[in-house]
Novice: 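This is the structure I have questions about; it appears just below.
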Amino acid sequence: MDDTQLLKGVLEGCVLAVISKGETYGYEILSVLIDGGFDNLIEGTLYPVLTRLQKKGLIACRMGKSPLGPSRKYFSITPEGEQYLAAFVENYTKVTQAAMHILSEDREKKASENG
Amino acid sequence: MKENNEKKTIQTGLYLDYKDRLGEEYRTTFDKVEDYCQMQLIDNAELNEAMSYLMDVFLQAQEDGLPVRNITGNSMEAFCEGFLSDISTKGRVKAFFEKGRIIAWIFLLVAFFGYLLPPLTEGESLRAVLAGAGSELFCGMALGLVLSSLLDVISHAIVRQMIFKMKKYRRSYSVIVNLLVYAIGIGSLYLIPDFEIDLPGVPDIPLGVTPLLCIVWIVVSRLAIGLMNLSSGKSFFAKGEKVGTGQRSFRATVLHMMVEDSRKVFEKTNRKREKKGKPALTQAEFLEKYRKDTKKSVRSVWLCGGICALVYLGFILQVALTSEPIDTVIFTVVQVTVYFLLMYPLCIYPTNVRKQFQQLMDESGKSFFDEDFYDVIDEAVQ
């Protein structure tokens, strides 16, 4: 099943959550997300999320020295970002609890029908 | 000033400086992504920002020993489409018009001057001229601007498909596609019949003139834009105060690029001298020659500017003798504006930059051969 749509819904919140832990940069965010279970996540998906969050004012950006290449963008969460993240976590928890409830009910029903 | 025999990374602040640090796999992928992104409607500043970000990610991933597919996934096309999916609409519209922006202004002003002059010297008023020749001209210029930008969009869409579908894609293929698309586009203009429109209140515009103006416009503007884009990725017309890395101003970036260009001129000069059997110039000799050339170019600009000013003054006097005072005033204001709008980007700005470059070398005791000259530039120009 193509999980692109599911990913779209949660990625912004997850990226914000990673940034809220401390100032970080693109490659590090990608590594944390992949280690956290987003196996198929690629930089082409992450970069537009970061630019969107920046445009919305949920994250701030500063240019810093990179040890390897051109200057690097370091991202940190803004107060608006903190509020957005808190609201996201609340809504996400509500939605997933409701979804799990329905899905697990459905699974139990099917299991009992199959006997 | 010390001789610099070692080839060091040139620091213009753009991602281009770091391409040599990428391994073969990463380099090939980065070049393809860059080619694809340049075939998108994207503002130069946004493009430089995106490519700098990607360069940093690639270098870090390479350092960690990851294959490039871990960063891009299996579909390069999907990666590129996703990577640039958040370009602002405003940025795209800006890029659409930026295609012919510089040439648009230069030709608009030169042609405005050329079309206005003969009727005004024959005694016609400015208003009458604009109602007649001016409307044909502007119609043609506007059509040409839109048409050349549209043809660019079409050719870029074709090239984007080629980049990932052809295993042996080369950058020169984009030139061939551009030429073909333009040939078809321009050729189809000849199918437009030559007739006059006759609407109340609208001046007669022989439409046969419009395609001709479009053709001239498209060909010349495309050539000029192509020349400006010769060094891939670099643009002296990158918008915004912060270019590429977000740290440096436009003037500082131009000066940084002059460091690299001056070193290249030094190498090229000595290669030519070697071919002719002449001894190579030392850095000190080249710097002395550079200083003399700077003085010469400043004098040439003054001379050229002075001659142009005299010519413009002659035209203004001619118009003053044959036209109404109000028309003379309007004509004078227009011509003075045209003069400075032409002279500033073509002569005044580059000469000022060159003078500043020489001044920084004189004051700091360093030259463009010294790596820490970049710091001198950054401290002086913020």
Side-chain angles (χ1 to χ4, degrees), chain A residues 2-12 14-16 18-19 23-76, chain B residues 9 11-22 26 29-30 33 36-37 46 48-64 66 68-91 233 242-248:
Chain A
D2 183 9
D3 56 0
T4 315
Q5 292 304 317
L6 282 173
L7 190 63
K8 266 188 184 168
V10 299
L11 196 54
E12 271 192 19
C14 291
V15 169
L16 261 184
V18 171
I19 296 173
E23 193 182 61
T24 183
Y25 55 97
Y27 182 75
E28 198 172 61
I29 297 169
L30 183 70
S31 304
V32 168
L33 290 169
I34 291 173
D35 289 344
F38 288 100
D39 303 325
N40 297 324
L41 188 64
I42 55 172
E43 196 58 56
T45 315
L46 178 61
Y47 182 70
V49 170
L50 290 168
T51 52
R52 248 194 326 272
L53 290 173
Q54 204 181 337
K55 280 177 195 169
K56 286 182 190 174
L58 303 178
I59 58 175
C61 161
R62 71 164 182 94
M63 300 305 294
K65 280 209 180 260
S66 161
L68 295 171
S71 294
R72 177 181 279 170
K73 273 187 169 182
Y74 287 91
F75 301 100
S76 53
Chain B
T9 305
Q11 296 175 22
T12 63
L14 298 174
Y15 62 89
L16 298 159
D17 297 335
Y18 303 92
K19 270 193 182 184
D20 290 340
R21 296 188 190 182
L22 291 173
Y26 274 93
T29 306
F30 190 89
V33 174
Y36 194 93
C37 292
E46 276 190 76
N48 280 328
E49 208 171 294
M51 298 312 295
S52 289
Y53 173 92
L54 189 65
M55 175 60 75
D56 182 47
V57 169
F58 271 26
L59 286 169
Q60 188 74 66
Q62 183 179 255
E63 181 82 358
D64 290 349
L66 296 175
V68 71
R69 290 285 175 236
N70 280 35
I71 303 298
T72 62
N74 292 322
S75 167
M76 284 299 304
E77 199 169 340
F79 169 78
C80 292
E81 286 297 322
F83 189 59
L84 295 177
S85 61
D86 203 49
I87 303 166
S88 58
T89 307
K90 190 175 153 190
K242 305 292 179 189
V243 176
T245 64
Q247 282 185 316
R248 201 168 285 126

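Values in this document were obtained by computation on a predicted structure and should not be read as measured data. A note on names: the letters A, B, ... follow the listed sequences, proteins ahead of strands, and every chain is numbered from 1.
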Novice: For the CD1 atom of Ile34(A) and the CD1 atom of Ile71(B), what is their distance to the nearest 0.5 Å?
Specialist: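 Ile34(A) CD1 to Ile71(B) CD1: 6.5 Å, rounded to 0.5 Å.
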Novice: Given that the side chain runs from C-beta out, which part of Ala61(B) has a heavy atom under 4.5 Å from chain A: side chain, backbone, both or neither?
Specialist: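 Its backbone and side chain both get close to chain A.
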Novice: If we ignore angles and hydrogens, is there a donor and acceptor under 3.5 Å between the side chains of Asp56(B) and Tyr25(A)?
Specialist: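 Side chains of Asp56(B) and Tyr25(A): no pair found under 3.5 Å.
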Novice: OH of Tyr27(A) to CG of Leu54(B): how many Å apart, nearest 0.5 Å?
Specialist: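 So the OH of Tyr27(A) and the CG of Leu54(B) are separated by 12.5 Å.
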Novice: Roughly how far, to the nearest 0.5 Å, is CG of Leu66(B) from OG of Ser31(A)?
Specialist: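 Spacing of OG (Ser31(A)) from CG (Leu66(B)) equals 7.5 Å.
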Novice: Indicate yes or no: at least one non-hydrogen side-chain atom of Leu50(A) is less than 4.5 angstrom from one of Tyr53(B).
Specialist: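 Sidechains of Tyr53(B) and Leu50(A): in contact.
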Novice: Which heavy-atom pair separates Pro48(A) from Phe83(B) by the least distance, and what is that distance?
Specialist: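 Smallest interatomic distance, heavy atoms only, reads CD-O, 4.2 Å.
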Novice: Given a strict heavy-atom distance threshold of 4.5 Å, which part of Phe79(B) is in contact with chain A: side chain, backbone, both, or neither?
Specialist: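 Answer is both: backbone and side chain atoms of Phe79(B) are under 4.5 Å from chain A.
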Novice: Nearest 0.5 angstrom please: Arg72(A) CZ to Gln60(B) CD, how far?
Specialist: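 Result: 5.0 Å between the selected atoms.
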Novice: Quick check on Thr45(A) against chain B: is it the side chain, the backbone, both or neither that has a heavy atom closer than 4.5 Å?
Specialist: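 When you check distances to chain B, no heavy atom of Thr45(A) falls under 4.5 Å.
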